[in-house]
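Below is one structure, written out as structure tokens; the observations come after it.
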Amino acid sequence: MLSIKNLHASVEGKEILKGINLEIKAGEVHAIMGPNGSGKSTLSQVLAGNEAFEVTEGEVTLNGQNLLELETEDRALEGIFLAFQYPVEIPGVSNLQFLRTAVNAARQHQGQAEMNAAEFMKLAKEVSKQVDLDPAFLKRGVNEGFSGGEKKRNEIMQALLLQPKLAILDETDSGLDIDALKVVSDGVNALRAEDRAILMVTHYQRLLDYIVPDYVHVLAGGRIIKSGGRELALELEERGYGWLGIKDEEAAAN
Amino acid sequence: MKSAPTLSSAFLKPAGESLPQPLLALRKERGKALVDMPLPTRKTENWKYSSRHLKLSDELANSLPAGGATTDAAAGGYRIVIRNGVVDASTSVLPQVEGLSVQRFADLTDEDAAELARSLDSTLDTRATQMARLNSARFEDGLLIRLKPDTVVDQPLFVIHEVTATAAGSAFPRIYVDAGRHSGMTLVEEFLSSGDESAMVDAVTEFTLADGARITGVRLVAEGQNIQHIGATGVRQLRSSRFESHCVGFGGPLRRHDLRVRLEGEGAECKLNGVVVTQDKQHYDNHTCIDHMVPNCNSEETYRNIAADESHAVFNGRIHIHKDAQKSNANMNNKNLLLSTGAEIDTKPELEIYADDVKCAHGATIGQLDDTSLFYLVSRGIARREASVLLTMAFINELVAQIPVEQVRNSANERLNQFFDDAFREA
């Protein structure tokens with residue numbers, strides 16, 4: 001489904017990704033782990049099409065289509081979804097209006113009729129229950145005044161509504177207490193499907209107890225330096241990143 | 001040395017002699033005071049950004065004739081059409097409400113006209129509204145709206161100020177609202193135009209609020225691109241009265257509005273909201289001034305400007321807390337959004353505080369659409385253009401939603417959508 005070959009990317013002239021190679025097939029769940037500053041978030045942002053990052057080399061295809069040639073919104077319409085590490089607060093745009101606009105953009109792209117306000121409200125209420133978000137949040141501004149956990153649940157809610165081909169979860173576990181983590185994980189597990197792939201980016205192993213990946217990759221210094229199965233994550237937890245000869249900046253700072 | 005330009009004498013020849021004698025006399029007196037009045041220039045502080053947009057060719061000195069067709073206005077309920085500054089009785093529905101009197105200046109008795117003549121201009125700072133003074137020398141008709149004590153009008157009164165610019169010239173609409181104790185009403189003023197010739201509107205509206213009166217003024221400025229608009233609104237508030245102003249303005253060759261509120265009685269409060277959008281080479285200039293004259297008054301002011309293309313928006317917000325006005329509470333907020341690199345916005349909060357126990361807050365920002373928010377929206381498959389419209393609308397949503405008259409809200413939203421269509425058209 002997703003094929004990344006020798007991907008190099010930089011921000012403000014500084015190279016962050018230095019040759020990423022990754023193949024993800026439909027139905028698979030991949031986890032990318034790595035210390036802070038290794039390029040995990042950059043990879044997510046580059047795949048979603050953030051123009052602040054410049055791709056200098058390499059190629060990325062989604063089901064054979066050159067992803068890097070597509071505008072951000074077209075990537076979303078082709079099935080890329082990024083759950084943000086820091087979802088943006090947008091006062092003045094209601095969550096409901098935002099979600100409906102996004103869902104209708106996808107439906108229009110797929111040749112389906114747009115949903116009217118009443119139809120969408122019904123759907124949104126159902127899905128908000130699935131992530132344990134009070135439907136009252138739908139009326140508020142996008143993420144406005146939401147707690148960290150509520151923002152993450154709102155991200156998963158969007159994924160459930162948009163039904164992407166590839167869901168990229170950027171540090172979706174950060175800032176969550178154990179109850180919220182369970183809710184979010186249940187939402188992500190509900191996304192698992194034969195025709196969908198999930199790419200999780202995380203610093204901690206903890207999330208992987210709830211969303212069990214098929215593959216684990218370690219990203220360091222802008223490259224994937226080790227890949228393995230679920231057991232790789234457990235080993236990382238036990239032995240730290242130092243075991244692989246890389247410095248965890250956060251660990252070093254502590 | 002070149003002498004400063006002065007007002008052409010052609011502008012001091014009023015038309016319409018059907019006014020009662022005291023008002024004709026007032027007009028004449030005001031006209032005399034304007035002989036050789038220097039026109040504002042770049043060096044005139046309160047016209048610094050707008051003087052070059054003021055184009056007073058002699059043909060604009062003509063009074064536009066009454067007559068012409070009425071364009072679409074978002075009116076409902078009580079509706080009065082003032083065409084080219086003169087009340088059009090045939091298309092107006094004068095309200096029949098106990099305690100409310102709405103009269104044309106021309107229909108006033110000499111006694112009432114004499115009283116009105118003493119009151120006109122009393123709410124304005126004539127030094128700060130030099131161009132609005134021309135209205136007092138030129139008005140040909142007007143509306144005197146009087147509310148008896150405790151009269152609360154059940155629905156808004158719409159005044160449609162329409163200019164039919166089938167020839168070059170000017171119109172000078174005038175309204176005076178005298179609100180008795182504990183009375184209440186909403187006055188909607190819509191400024192519209194038809195015709196293609198260049199024209200000017202110089203409109204003055206004054207409100208006096210007795211103790212406990214609650215008045216809302218809604219102002220929608222949406223004339224054509226051939227119309228220069230100069231407006232002044234003056235408000236005097238006595239004890240425990242409340243005045244709300246909601247202005248929505250669309251740009252033009254020159255749009256200028258001076259809004260002045262004097263809080264003269266303890267416990268008086270005002271809330272002033274304003275939304276301005278400009279595009280192409282349009283110009284819009286809002287000057288507001290709130291005078292806290294006595295203790296324990298509140299003022300709250302929120303203005304938003306959005307400038308696209310090569311347009312220019314100006315906001316000057318003055319708050320003057322006089323020395324006896326202890327426990328004043330004043331809050332002013334002005335945010336501005338530039339949609340293109342060629343657009344310009346100038347904002348100036350001016351606070352003069354002579355009392356020592358006051359709460360006075362002000363904030364002004366100028367920014368662009370936030371890239372992070374834009375990325376978030378487009379990453380959900382929303383087209384960039386639509387995302388930009390959502391974010392721009394978000395900037396003013398709250399103020400539009402607060403407009404207490406549904407017809408004006410709808411009309412404003414329709415015009416705003418048109419503005420966004422143009423402002424975010426494909427390059």
Side-chain angles (χ1 to χ4, degrees), chain A residues 44-53 70-110 140-144 151 154-155 157-159 161-165 167-168 170, chain B residues 248 273-277 302-306 333-339 363 365 367-403 409-410 412-413 416-417 419-421 423-424 426-427:
Chain A
S44 318
Q45 298 277 323
V46 166
L47 293 177
N50 188 339
E51 288 169 356
F53 299 89
L70 297 180
E71 298 287 340
T72 308
E73 57 267 42
D74 295 326
R75 295 185 196 195
L77 295 174
E78 291 303 327
I80 298 267
F81 178 90
L82 169 63
F84 280 53
Q85 182 179 6
Y86 302 109
V88 186
E89 293 198 23
I90 311 178
V93 177
S94 84
N95 214 12
L96 195 64
Q97 184 186 19
F98 160 60
L99 296 172
R100 189 172 148 224
T101 308
V103 165
N104 278 336
R107 290 177 70 91
Q108 201 184 24
H109 182 73
Q110 291 152 11
R140 300 205 346 215
V142 175
N143 293 317
E144 188 183 5
K151 283 180 184 166
N154 196 20
E155 294 294 289
M157 176 171 169
Q158 292 167 39
L161 282 169
L162 292 168
Q163 297 282 312
K165 290 188 186 124
I168 305 163
D170 189 2
Chain B
V248 181
N273 283 356
V275 172
V276 161
V277 298
T302 313
Y303 268 69
R304 299 278 183 272
N305 293 312
I306 300 174
N333 181 289
N334 169 236
K335 287 187 187 163
N336 302 287
L337 185 61
L338 289 164
L339 294 181
T365 61
Q368 299 163 304
L369 285 182
D370 178 44
D371 280 342
T372 314
S373 302
L374 201 56
F375 175 60
Y376 189 69
L377 295 180
V378 296
S379 81
R380 298 306 184 239
I382 298 172
R384 190 163 295 265
R385 189 176 173 284
E386 195 169 2
S388 303
V389 170
L390 279 174
L391 289 177
T392 310
M393 196 62 206
F395 191 72
I396 50 175
N397 257 344
E398 192 191 342
L399 292 185
V400 175
Q402 283 181 34
I403 298 170
R409 255 194 332 267
N410 294 343
N413 273 323
L416 286 167
N417 285 334
F419 170 82
F420 294 136
D421 271 354
F424 295 107
E426 301 297 329

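Just so we're on the same page: letters track the sequence lines, and every chain starts at 1. Remember, predicted model here, so these are calculated numbers, not experimental data.
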Where does [X] contact chain B at under 4.5 Å (heavy atoms): side chain, backbone, both or neither?
X: Ala48(A); answer: both
X: Pro164(A); answer: neither
X: Val142(A); answer: side chain

(message) If you apply the rule side-chain contact (heavy atoms from CB on, under 4.5 Å), what do you find for Asn334(B) with Asn305(B), and how did you get there?
(response) CA-CA 8 Å; Asn334(B) 169 236; Asn305(B) 293 312; 3.9 Å; yes
So between chain B and chain A, what donor-acceptor pairs come in under 3.5 Å?
from: Tyr376(B); atom 1: OH; to: Asn143(A); atom 2: ND2; distance (Å): 3.2
from: Tyr376(B); atom 1: OH; to: Glu155(A); atom 2: OE2; distance (Å): 2.3
from: Tyr376(B); atom 1: OH; to: Gln158(A); atom 2: NE2; distance (Å): 3.1
from: Arg380(B); atom 1: NE; to: Gln158(A); atom 2: OE1; distance (Å): 2.5
from: Arg380(B); atom 1: NH1; to: Leu82(A); atom 2: O; distance (Å): 2.7
from: Arg380(B); atom 1: NH2; to: Leu82(A); atom 2: O; distance (Å): 2.9
from: Arg380(B); atom 1: NH2; to: Glu155(A); atom 2: OE1; distance (Å): 2.7
from: Arg380(B); atom 1: NH2; to: Gln158(A); atom 2: OE1; distance (Å): 3.3
from: Arg384(B); atom 1: N; to: Glu73(A); atom 2: OE2; distance (Å): 3.4
from: Asn397(B); atom 1: ND2; to: Gly92(A); atom 2: O; distance (Å): 2.4

(message) Applying ring-ring contact (aromatic ring centres under 6.0 Å, His included), can you list everything that pairs with Phe53(A), at least two apart in sequence or on another chain?
(response)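 If we apply the ring-ring contact (aromatic ring centres under 6.0 Å, His included) test to Phe53(A), skipping adjacent residues, there are no hits.
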Note, [X] side chain near [Y] side chain (heavy atom, < 4.5 Å):
X: Phe98(A); Y: Leu377(B); result: yes
X: Phe424(B); Y: Leu339(B); result: yes
X: Val88(A); Y: Phe375(B); result: no
X: Leu82(A); Y: Leu47(A); result: no
X: Ile306(B); Y: Val275(B); result: no

